[in-house]
Engineer: 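Structure in structure tokens, see below.
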Amino acid sequence: MKHITDFTIVCRKQLGDHYFALTLRHPSQLPPIAAGQFVEVEVKGNRDVMLRRPISIHDVDPEENTLTLLIQIVGKGTRQLAQLQEGDRLNLIYPLGHGFAIEGQRPLLVGGGAGIAPLLHLAKCYHAKGIRPTILLGGRTKELIPVREAFEPYGQLLIATEDGSLGEKGMVTQHSQFAAPYDHICTCGPTPMMKAVGRYAVENGIGCEVSLENMMACGIGACLCCVTDTDEGHKCVCKEGPVFDALRLKKWMGLE
Amino acid sequence: MAKLETKIHNITLKNPVMTASGTFGYGEEFADFIDLSRLGGIIVKGTTGERRQGNPYPRMAETPMGMLNAVGLQNVGVGTFCKEVYPRIKGIQTNILVNVSGSSIEEYCSVAEQIDELENIPGIELNISCPNVKKGGMGFGTNPDMAAQVVEAVRRVYHKTLIVKLTPNVTSVVEIAKAVEGAGADSVSLINTLLGMAIDVERQQPYLSTITGGLSGPCVKPVAVRMVWQVAHAVQIPVVGLGGIASAADALEFLMAGAKAVEVGTANFVDPTVTVKIVEGLEDYCLRHKVEDINDIIGII
């Protein structure tokens with residue numbers, strides 16, 4: 001069941017120049033939210049921004065009835081959202097899409113850029129099952145990896161930066177622990193990163209889920225704007241995804 | 001409570017608010033948000049003879065007060081629609097109409113014939129105005145002779161209410177409307193999207209994979225109201241108005257300009273409950289202005 005509700009912003013945190021996090025309180029009990037699901041956020045106050053913006057769910061606190069969005073400032077919509085203050089209301093359509101399956105006994109979670117966002121809720125879901133995932137976060141510089149400490153209680157945290165400012169120097173796929181014997185990989189981040197991670201997993205017979213970030217209008221499978229190529233033709237990322245089994249995305253990854 | 005009931009040919013609408021094809025899926029996508037039986041009608045997505053994949057991603061770009069799309073009629077095809085989709089949606093307590101699309105007169109006729117068999121579909125909207133397909137679509141809708149030919153052919157095989165959806169991408173929409181009226185259309189709906197284009201100057205590339213696409217949203221509304229007004233004064237058949245409607249006031253503009261009913265499109269993406277808000281807004285307007293029957297204000301301009 002999808003909902004449309006006004007949330008109240010109870011916490012706004014600026015995380016460097018490029019990111020901020022909003023914690024939003026629901027007026028009553030939050031419905032169950034799977035890791036990898038997203039919300040469509042209404043953007044008010046800019047006449048050039050008409051459509052909602054799809055934002056993945058970074059964290060969920062069922063006791064406090066809050067969810068947290070980690071937002072990268074990339075365009076008109078997210079710049080407008082960055083103006084929001086604690087106490088403001090924000091209208092969400094949620095929870096949308098299909099999340100991660102929480103599979104494997106030795107999972108690797110690979111994130112880059114804003115794609116780091118859903119991995120916190122995902123790490124917590126693994127942790128709740130008694131599984132300690134390896135979490136590999138990448139970025140051009142350490143400033144572009146906005147959240148690190150929050151992951152530490154839930155898994156083994158590894159970092160790769162292209163300039164070597166934090167963790168190992170290089171891409172996530174070049175990290176010394178990337179090719180360790182994991183039995184499942186979940187990835188969300190820039191398209192070239194997800195394609196490289198997905199190809200590695202498919203070629204090595206490792207189960208892999210990829211969370212896509214296509215541009216969307218409706219978020220509920222009505223407008224058919226956000227499609228990706230799959231083994232069964234065009235599928236809506238908002239409805240059939242955003243999380244897809246990598247085996248369904250071979251064409252997208254350039255493997256066919 | 002004012003009477004909101006209107007008629008499009010043989011179809012009685014409990015209120016003038018319908019949903020525009022391609023913006024409301026098969027209705028089911030919105031069932032979590034609204035009571036679908038509150039609507040005057042639902043026009044489901046453009047349906048073709050065979051399954052279509054549509055155009056490559058990216059096929060949407062946001063523009064000021066609107067958006068461009070180049071979906072290109074992605075749909076399951078009429079066979080799957082009749083077998084799998086229709087049984088799921090036929091019980092929805094409103095008028096379910098199918099938008100019929102094609103690349104040839106034969107394809108339009110074949111789809112219309114198959115939809116004609118479906119008991120709970122009281123009418124079709126013949127889409128001779130899609131700007132996002134290479135063959136057919138808008139090609140039929142920009143030439144009065146071609147438009148008349150396709151409507152005549154479909155009229156021979158389709159026996160229920162035939163609405164023809166017109167494109168604004170013509171010099172005279174009145175000329176096309178008169179041509180399809182003469183060819184046997186029971187109603188016309190307008191406007192489909194305006195052909196548009198947007199360029200990402202940083203990447204020095206068009207935003208859409210198809211370069212051009214269809215513009216919709218509040219930015220097109222004044223053009224749509226003007227065209228509805230012109231057509232409503234030129235034809236005898238009922239006119240259905242659409243283009244940028246996002247509020248009851250917007251819907252009322254179309255009704256006053258002469259539309260017997262309206263379709264809400266792009267606004268469904270921003271607020272999935274907007275259609276019901278518009279129905280409630282019409283009720284409220286009638287109360288405030290002491291309008292007993294919505295038909296009393298249709299075409300007053």
Side-chain angles (χ1 to χ4, degrees), chain A residues 1-6 31 39-44 46-54 74-78 80 91-97 191 212-242 249 251-252, chain B residues 19-34 42 44-46 51-76 132 200 202 207-209 213 216-219 244 246 265-274 277:
Chain A
M1 177 95 183
K2 298 181 275 284
H3 306 270
I4 179 166
T5 310
D6 276 339
V39 300
E40 276 269 36
V41 180
E42 184 181 35
V43 184
K44 282 185 178 165
N46 182 335
R47 283 185 298 177
D48 282 355
V49 181
M50 175 187 72
L51 298 170
R52 287 171 184 263
R53 292 296 187 264
V74 286
K76 292 189 290 270
T78 47
Q80 187 66 31
N91 186 268
L92 306 186
I93 303 176
Y94 74 103
L96 300 176
T191 300
L212 300 184
E213 296 186 310
N214 289 11
M215 255 186 314
M216 291 177 190
C218 72
I220 58 174
C223 70
L224 310 186
C225 289
C226 65
V227 293
T228 188
D229 258 332
T230 72
D231 55 346
E232 295 173 310
H234 280 156
K235 293 291 174 191
C236 284
V237 169
C238 69
K239 192 176 173 185
E240 307 243 344
L249 300 179
K251 196 172 165 196
W252 176 79
Chain B
T19 61
S21 172
T23 68
F24 209 68
Y26 293 113
E28 306 162 294
E29 291 83 350
F30 289 79
D32 281 353
F33 305 107
I34 58 168
I42 294 173
V44 303
K45 68 182 56 159
R51 180 189 186 88
R52 288 200 192 189
Q53 291 295 325
N55 292 315
Y57 178 88
R59 53 196 199 182
M60 185 276 286
E62 189 177 39
T63 55
M65 294 302 275
M67 63 183 275
L68 290 165
N69 91 80
V71 170
L73 293 179
Q74 179 175 332
N75 78 100
V76 296
N132 294 323
D200 181 342
E202 292 301 321
Y207 279 107
L208 301 175
S209 69
S216 65
C219 60
T266 302
N268 289 305
F269 303 155
V270 181
D271 179 358
T273 69
V274 69
K277 287 178 184 162

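Note on naming: letters A, B, ... go to the chains in the order of the sequence lines (proteins, then strands), and numbering restarts at 1 for each one.
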Engineer: In Å, rounded to the nearest 0.5 Å, how long is the span from NZ of A:Lys235 to CG of A:Asn214?
Structural biologist: 15.0 Å
Engineer: Is it the backbone or the side chain of B:Asn55 that comes under 4.5 Å from a heavy atom of chain A, or both, or neither?
Structural biologist: backbone
Engineer: Is there a donor-acceptor pair under 3.5 Å between the side chain of B:Glu28 and the backbone N or O of B:Gly25?
Structural biologist: no
Engineer: Counting distance only, does the side-chain N/O of B:Ser21 pair as donor-acceptor with the main-chain N or O of B:Val44 below 3.5 Å?
Structural biologist: yes
Engineer: Relative to chain B, which of A:Thr228, A:Ile93, A:Val227 shows the most heavy atom pairs under 4.5 Å?
Structural biologist: A:Val227
Engineer: Quick check: does any side chain N or O of B:Ser209 sit under 3.5 Å from a backbone N or O of B:Pro56, one acting as donor and the other as acceptor?
Structural biologist: yes
Engineer: Please flag which part of A:Lys239 lies under 4.5 Å from any non-hydrogen atom of chain B: side chain, backbone, both or neither.
Structural biologist: side chain
Engineer: Answer with side chain, backbone, both or neither: which region of B:Phe33 has an atom nearer than 4.5 Å to a non-hydrogen atom of chain A?
Structural biologist: side chain
Engineer: Determine the option with the most heavy-atom pairs under 4.5 angstrom with chain A, choosing from B:Lys45, B:Glu62, B:Met60.
Structural biologist: B:Glu62
Engineer: For A:Asn91, which atoms come within 4.5 Å of any heavy atom of chain B: side chain, backbone, both, or neither?
Structural biologist: neither
Engineer: So, the side chain of A:Glu40 versus the backbone of A:Leu92: is there a donor-acceptor pair under 3.5 Å, distance only?
Structural biologist: no
Engineer: Name the member of A:Lys2, A:Met216, A:Arg52 that forms the most heavy-atom pairs with chain B at distances under 4.5 Å.
Structural biologist: A:Lys2
Engineer: Of the backbone (N, CA, C, O) and the side chain (C-beta and beyond), which part of A:Val43 lies under 4.5 Å from a heavy atom of chain B, both, or neither?
Structural biologist: neither
Engineer: Looking at B:Gln74 and A:Leu224, would you say the former's side chain and the latter's main chain have a donor-acceptor pair under 3.5 Å?
Structural biologist: no
